[in-house]
Amino acid sequence: MEPLMHAAAPTIVTPLPLSLRGDAAALVWGAFGRAVAPGASRRAGIALLRRCLARDRMLAAVDPCGGLLGVVALRGPGGGLMQPRPAARRMILRPWARWRDRAARLRPRPPATSDAVLDGLAVAPCARRRGVASALVIAAADRARRQGFAALRAEVAPGDAAALQLYRALGFQPAGRIRTGWRAQALVLRLPL
């Protein structure tokens, strides 16, 4: 029996290549669909993401063949994972989904921060537990440091044990809680840069 070989570390590229925009949209939809476009169908949500992903704020982990393994964006004063494109939202989302989308915009937003915030960290199911998320977070921290941010923040659902374990292993420290919706709260973890 041969020993198991560990997969090579993924290559991190930024901005998100145009050729991977569709794959990234599907990956982000799979992880955050309801938060991105409440009430939208999978097809409409992915179409919306294809048009609205802020490629210049995204980092992508790719395998040696160029396949997408994971993505993350850095949210700062200029925005985060998605660019605001109201015309695309109106065109793609059905009328009832547009109503729910408007209602979602009314919910409380997290307070502003001077830290860079990890936005939309998603890893393909076939690449989980292989260091992809760690590589993306480390690359995001390096990029945030080069951009002059003092710290990197992660906002995590309290029940997301895998994410909490990842961030703690990378040196993030608890920094409180924030409201992310009408009822939802997130734990804030912070990594000084």
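We count residues from 1, following the sequence as given.
- Partner Glu155 forms a side-chain hydrogen bond (donor to acceptor under 3.5 Å, both in side chains) with one of Gln185, Arg75, Arg177 and no other, that one being Arg75.
- Under the 4.5 Å side-chain heavy-atom criterion for grouping Ile, Leu, Val, Met, Phe, Trp and Tyr, Leu48 is connected to Leu20 within one hydrophobic cluster.
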Quiz: residues 60-73 side-chain donor-acceptor pairs under 3.5 angstrom, not counting sequence neighbours:
residue, atom, partner, partner atom, Å
Asp63, OD1, Cys65, N, 2.9
Asp63, OD1, Gly66, N, 2.9
Asp63, OD1, Gly67, N, 2.7

Report task. Quick one: do Arg57 and Gln83 satisfy side-chain contact (heavy atoms from CB on, under 4.5 Å)? Show the steps, please. Result -> CA-CA 10 Å; Arg57 295 185 202 119; Gln83 298 171 343; 4.2 Å; yes
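- Pairs engaging residues 13-25 under the side chain to side chain donor-acceptor pair (under 3.5 Å) rule: Thr14-Arg143 [sequence neighbours left out].
- Across every non-hydrogen atom of Arg55 and Pro15, the tightest pair is O-CB, 3.1 Å.
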In residues 186-193, what donor-acceptor pairs under 3.5 Å come from side-chain atoms, sequence neighbours left out?
residue, atom, partner, partner atom, Å
Arg190, NE, Asp115, OD2, 2.7
Arg190, NH2, Asp115, OD1, 3.1

Query raised in the report: Please walk me through it: do Phe172 and Leu152 pass side-chain contact (heavy atoms from CB on, under 4.5 Å)?
Result: CA-CA 8 Å; Phe172 284 75; Leu152 183 61; 3.9 Å; yes
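- Of all heavy-atom pairs between Ile12 and Ala139, the closest is CG2-CB, 3.7 Å.
- Residues passing the side chain to side chain donor-acceptor pair (under 3.5 Å) test with Ser134, sequence neighbours excluded: none.
- Smallest separation of non-hydrogen atoms from Leu27 and Ala122: CD2-O, 3.6 Å.
- Of all heavy-atom pairs spanning Ala154 and Leu118, the tightest one is CB-CD1, 4.1 Å.
- Counting all heavy atoms, side chain and backbone alike, Leu16 lies closest to Ala24 at CD2-CB, 3.7 Å.
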Requested in this report: May I have the step-by-step check of side-chain contact (heavy atoms from CB on, under 4.5 Å) for Leu136 and Leu121, ending in yes or no?
Outcome: CA-CA 8 Å; Leu136 283 165; Leu121 176 61; 3.8 Å; yes
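- Residues Leu74 and Met82 are members of separate hydrophobic clusters, defined by side-chain heavy-atom contacts under 4.5 angstrom among Ile, Leu, Val, Met, Phe, Trp and Tyr.
- The side chain to side chain contact (heavy atoms under 4.5 Å, CB included) check on Ala162 picks up Arg129, Asp160, with sequence neighbours excluded.
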Query - Stepwise side-chain contact (heavy atoms from CB on, under 4.5 Å) check, Met58 with Asp119 - result: CA-CA 9 Å; Met58 295 182 74; Asp119 196 9; over 6 Å; no
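- With sequence neighbours excluded, the residues that form a side chain to side chain donor-acceptor pair (under 3.5 Å) with Asp142 are Arg145, Arg146.
- Across every non-hydrogen atom of Ala140 and Leu59, the tightest pair is N-CD2, 4.0 Å.
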